[in-house]
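Read through the structure below, which is laid out as structure tokens, and then see the notes.
Just so you know, these numbers use all the heavy atoms, side chains as well, and skip hydrogens, waters and symmetry mates.
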Amino acid sequence: MLPHPLARLTFRSWTDEDTALAEALWCDPEVTRFFGGAMSREQVRDRLHAECERNSRLGLQYWPMFLRETGEFAGAPV
């Protein structure tokens with residue numbers, strides 16, 4: 001189940017079409033420096049697939065977040 005929208009953020013589930021968003025997040029050394037460092041593109045595809053599978057099986061994942069006002073990608077909780 002998706003989290004309820006917040007004052008400034010909305011959430012949705014990752015899909016297999018979100019490779020570019022996932023790469024922007026998980027390939028960035030600044031974003032990932034506190035949890036293992038930047039991933040390769042192959043690792044990102046594997047992680048994205050795992051997030052989609054987890055959502056299918058359990059209804060849980062690290063949902064991507066978007067700015068409510070503009071729809072701009074804001075990241076994902078770690």
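Rounding to the nearest 0.5 Å gives a distance of 11.5 Å between CD of Glu51 and CG of Asp18. From Trp63, atom CH2 reaches atom CG of Leu9 across 14.0 Å, with rounding to the nearest 0.5 Å. Here the OG1 atom belonging to Thr32 is positioned 8.5 Å from the CD atom belonging to Glu30, to the nearest 0.5 angstrom. Between the OG1 atom of Thr10 and the CG atom of Leu67 there is a distance of 8.0 Å, given to the nearest 0.5 Å. Of the inter-residue distances, the one linking Leu2 atom CG with Gln61 atom CD reads 7.5 Å to the nearest 0.5 angstrom. Taking OG of Ser13 as the start and CE of Met1 as the end, the distance is 12.0 Å to the nearest 0.5 Å.
Distance alone, capped at 3.5 Å, places no donor-acceptor pair between the Asp28 side chain and the Leu25 backbone.
Taking both residues in full, the closest heavy atoms of Ala76 and Trp14 are given as CB-CZ2, 4.0 Å, listed atom of the first, atom of the second, then distance. The shortest heavy-atom contact between Cys27 and Ala38 is O-CB, 3.3 Å.
Between Asn55 and Leu60, the closest side-chain pair of non-hydrogen atoms is not below 4.5 Å. No side-chain heavy atom of Gln43 sits less than 4.5 Å from a side-chain heavy atom of Trp26. A heavy-atom distance below 4.5 Å is found between the side chains of Thr19 and Arg45. When side chains are defined from C-beta on, Tyr62 counts as touching Arg47, because their heavy atoms get closer than 4.5 Å.
Within a 6.0 Å sphere centred on CZ of Arg54, other residues, nucleotides and ligands contribute more than 12 heavy atoms. In this structure, Arg41 places its CZ atom where only 12 or fewer heavy-atom neighbours from other residues, nucleotides or ligands lie under 6.0 Å away.
In the hydrophobic cluster analysis, where Ile, Leu, Val, Met, Phe, Trp and Tyr join through side-chain heavy atoms closer than 4.5 angstrom, Leu48 is grouped together with Phe66.
Partners of Phe11 according to the ring pair (Phe, Tyr, Trp, His ring centres under 6.0 Å) rule, which considers only residues two or more places apart in sequence or in another chain, do not exist here.
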